Each structure stands twice: as structure tokens, then as C-alpha cells.
Amino acid sequence: MKRTERVNNILKNFDKKSYRKDLIHWFKEEQRILPWRENQDPYRVWVSEIMLQQTRVDTVIPYFNHFMDKFPTPDALAQADEQEVLKAWEGLGYYSRARNLQNAVREVVSEYDGVVPADPEELGSLKGVGPYTRGAILSIAYDIPDPAVDGNVMRVLSRILRVEDDISKQSARKLFEELVKELISEEDPSSFNQGLMELGALVCTPKTPSCMLCPVQEHCRAFDEGVETELPVKASKKKQKKSPYLLLLVQNEKGEVLIEQRPDTGLLASLWQYPMVPLEDVGQEAVENWFYGEYGLKVKVGESVKRIKHVFSHLIWEMEVIKVTVKEGTLDHERATFIAPENMEDFPFPVSHQKAHPYINR
DNA sequence: AAGACGGGGAG
DNA sequence: CTCCCAGTCTT
């Protein structure tokens, strides 16, 4: 069956007008007060939507407030140093979001005179602005009807309309976008899209939805048939690969600590860390030799002070934190440097390595 | 289409 | 501990 045909089929016998009205009314009454809802400034909406990708509201709030203080306008962000932006993003995760956002804001400043484009093509072509974020900015900042389908929306609509497609598939997202195009309010697309997401966050939650409090319960096919907790359908993810490392706390005779900047692409790009020995390639007994080859320093491996397990979405680092002292030699490494412990806070560190901070001698 | 890309909260 | 959450880019 073609997608448009399916959309028509699914929406047959569904009271769109009444559903829209109930959803929007509820959103206007019950929406949370959030910093990015203070006004419709497209730049604020944009920053908030990028931060909210894969990240819960409570986590984002302090980051958003600090970010807007530090980079209040597209100009301010465009002119900032990338390390400064990463520092403001430190701990939020998915750091390419920060890099892409600054890249895109620089394009807005140079190509669009600093005005976030309201044209779907132009907006969607900016780095880091995918189908969801494009729809969110268009509807919330510019009152333009465009679907903003995130995980909340797929969960809510899969239940309301009893759609059993696997939401981890790209085809499911496209189906929900087509459905939203038919359902969305032309008068108030902002409240419609936000209402859908707010409902997913506050009422139509993943594990135990509060159907008794739901403002659109009478429209919900899953509730009607008692299958709300079976939806949405999602394929289970496979488990992460474990990688063992030694994390080296190297301090010289002045008490300075050795840190290095990660590569500019890939995992935790451009963030800083303590040297890590990949135990899959280097044997325990060969560490001092390996270290001399990599950093040009003769060192003495000391005591083990902590085990850190850090889980990413696709892999697991199992790190043993080891204290190391420098015996002799000169540091010879492109991206590594010794710094005083009190200056550590100037550098963006991933949370995995922040866990080792307390073990620095100071 | 599948994998890379973080971190936090609930139970 | 284990499980759950989930947009965009790259390959």
C-alpha cells in the first residue's frame, strides 16, 4: 500500500478537528514554563531544539540559560572560539551538535544577514538541522505548519492512531510526518506541535502513561483497545562492545598533569582527556615502553586508584585509573601538554574523564 | 539501511 | 547493576 493511501486509511473515521482543538486547549492550559518559551526568538528556539535532541528537559535548562548568557545572539556565537563553545557544552554529550550549531550559525550570519531562514529548504540545509529540528523551528518560531516528529510524537501518535510500525525505521518517521501534515492546525501549528511533544513528556509517557488524565483519551485507539503499553513498537538495540583501557594520571616534578586533545573528528572530537592505553593493543607489561614511544617520556607506573566504567550508546570503556610519575625526558606529542591542576577547568573534558579528576595530586 | 555519536534517570 | 530514552550525520 502506498504511503498516502495508508495515511488516508489510518485517518478514516478520525475526528481531526476535535482532536486538534482538545490538544491545543490542553497545551495552552498545562504547558510547563521553560526558558525557551519566554519568546519566539528563532535563535533561542534553535539552540533549545538542538540541546533537547536526545536530552531531557531538566538537564538542558541550566545549559540553555548559561549558553544564552554567553552567546546571546547569532553574532556572538559565530564569533566565539570553538573551544569556548565546547566548554559551554561540556557534559551535555553528542558534541558534534555544538560544532554543527556554530557552523550553521556562522552560515546564517554570512549568508542570511544573521536572520534564521524561514524557508524550509534553506533552514533544512543548515548543518545539524534535520527534519525534526526544521519543523520545530518553523512552527514554534515562525508559526509555519511543518511536522516536527520526534520520539514523543511517534509514541503519542502510534497510540492515538494505533500504528504498529517499528519506529526505529526511517519509513515510520516519514509515515508520522505525513500523518501530522494532515492533522496539524493551520491556525496554531506551534501549539499543535508542542502540544504533541508536551503530551508525550507529561502524560503519554513510555512506561506507564497517565491515560486517566489524558486530554485526548477519547480520541485514543490504543486506550480504547487496552494496548497503550504495547506501543510504540520498536526493535531492540544490540549491546555495546567493551574496550579496556588504562587511564594514566601523569604528573611531573612540578605537580603538573599531562592532558591531550582528542582528534578533531569522531568520538568526543576536540575534547581533552588524560592519556589512555588501549589494552587491546598494548600488554600490561609493555605500558612504560608504549608510553615512551607515544610521548617521549620515561615514566614509572604507580598504583591503581579507581576503576571507571563508562557506557556510551555504542560502546563501553572500562578504564583502570593509574597514577604515573615522570622520571626523565621531554614531552614530544602534537596534542598533549602539561598543565597545573588548577587550570584544568579551562578545558572541556568528557564526563568519562571527569570521573578521574578527584585522583589528581594537588 | 545501518552504525556512530553521550549522558542521565528509573527501577 | 540493567534497562530506557532517541535526532542527525556518515558510510
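A quick note: this is a predicted structure, and the numbers were derived from the prediction, not measured. First the proteins, then the strands, lettered A, B, ... as listed; each starts at 1.
- Using a 4.0 Å heavy-atom distance criterion, Asn152(A) is classed as a sugar-phosphate-only contact.
- The CH2-P distance, from Trp89(A) to dG6(B), rounds to 12 Å in whole Å.
- Here dA1(B) presents its C1' atom at 12 Å from CG of Asp166(A), a figure rounded to the nearest Å.
- Put simply, CZ on Phe312(A) is 17 Å from C1' on dA6(C), counting in whole angstrom units.
- Between dA6(C) and Lys234(A), no contact under 4.0 Å exists linking OP1 or OP2 to a side-chain N or O.
- The side chain of His314(A) places an N or O atom within less than 4.0 Å of a non-bridging phosphate oxygen (OP1 or OP2) of dC5(B).
- Taking only side-chain nitrogens and oxygens, Arg155(A) comes nearer than 4.0 Å to OP1 or OP2 of dA6(C).
- In this structure, Lys309(A) reaches the sugar-phosphate backbone alone: every heavy-atom distance under 4.0 Å involves primed, P, OP1 or OP2 atoms, never a base.
- Judged purely by atom type and a 3.5 angstrom limit, Glu82(A) has no side-chain atom pairing as donor or acceptor with the backbone of Arg99(A).
- Taking atom CG of residue Leu52(A) and atom P of nucleotide dG8(B), one finds them 15 Å apart after rounding to whole Å.
- Closest contact between the side chain of Leu267(A) and the listed nucleotides dC5(B), dC5(C), dG7(C) involves dC5(B).
- In this structure, Arg134(A) atom CZ and dC9(C) atom C1' are separated by 16 Å, rounded to whole Å.
- Protein atom CZ of Arg99(A) is 13 Å distant from nucleotide atom C1' of dC9(C), rounded to whole Å.
- Under a hydrophobic-cluster definition in which Ile, Leu, Val, Met, Phe, Trp and Tyr are linked whenever side-chain heavy atoms come within less than 4.5 Å, directly or via other members, Met197(A) and Leu34(A) are assigned to different clusters.
- For the pair Glu30(A)/Glu198(A), no side-chain contact is recorded, criterion being any heavy-atom separation below 4.5 Å from C-beta on.
- Here His310(A) reaches the OP1 or OP2 of dG7(B): one of its side-chain N or O atoms lies under 4.0 Å away.
- Here, dC4(C) and dG6(B) have their C1' atoms 14 Å apart, quoted to the whole Å.
- Using a 4.0 Å heavy-atom distance criterion, Leu315(A) is classed as making no nucleic acid contact.
- Spacing of P atoms, dC5(B) relative to dC3(C), comes out at 23 Å, to the nearest Å.
- Across all strands, Ser313(A) comes closer than 4.0 Å to base atoms (heavy-atom distances).
- DNA chain B is contacted by both Gln170(A) and Thr265(A); Gln170(A) maps to the nucleotide lying nearer its 5′ end (nearest heavy atom per residue).
- Rounded to whole Å, the distance from OH on Tyr94(A) to C1' on dT8(C) is 10 Å.
- Between Pro189(A) and Asp146(A), the closest side-chain pair of non-hydrogen atoms is not below 4.5 Å.
- When the side-chain nitrogen and oxygen atoms of Thr133(A) are compared with OP1 and OP2 of dT8(C), one or more of them lie within a distance under 4.0 Å.
- Of the two residues contacting DNA chain B, namely Lys169(A) and Tyr95(A), the nearest-nucleotide position lying further toward the 5' end is that of Lys169(A).
- Counting only distance, with no hydrogens or angles, the side chain of Arg262(A) and the backbone of Gln273(A) share no donor-acceptor pair below 3.5 Å.
- Separation of the C1' atoms belonging to dG9(B) and dT8(C) is 24 Å when rounded to the nearest angstrom.
- Across dG8(B) and dC9(C), the matching C1' atoms stand 23 Å from one another, rounded to whole Å.
- The residue Thr55(A) sits close to a base: some heavy atom pair falls under 4.0 Å.
- Backbone-only contact: Val129(A) has heavy atoms under 4.0 Å from sugar-phosphate atoms and none from a base.
- Put simply, CZ on Arg307(A) is 15 Å from C1' on dC1(C), counting in whole angstrom units.
- Using a 4.5 Å heavy-atom cutoff, the side chains of Tyr274(A) and Val321(A) are not in contact.
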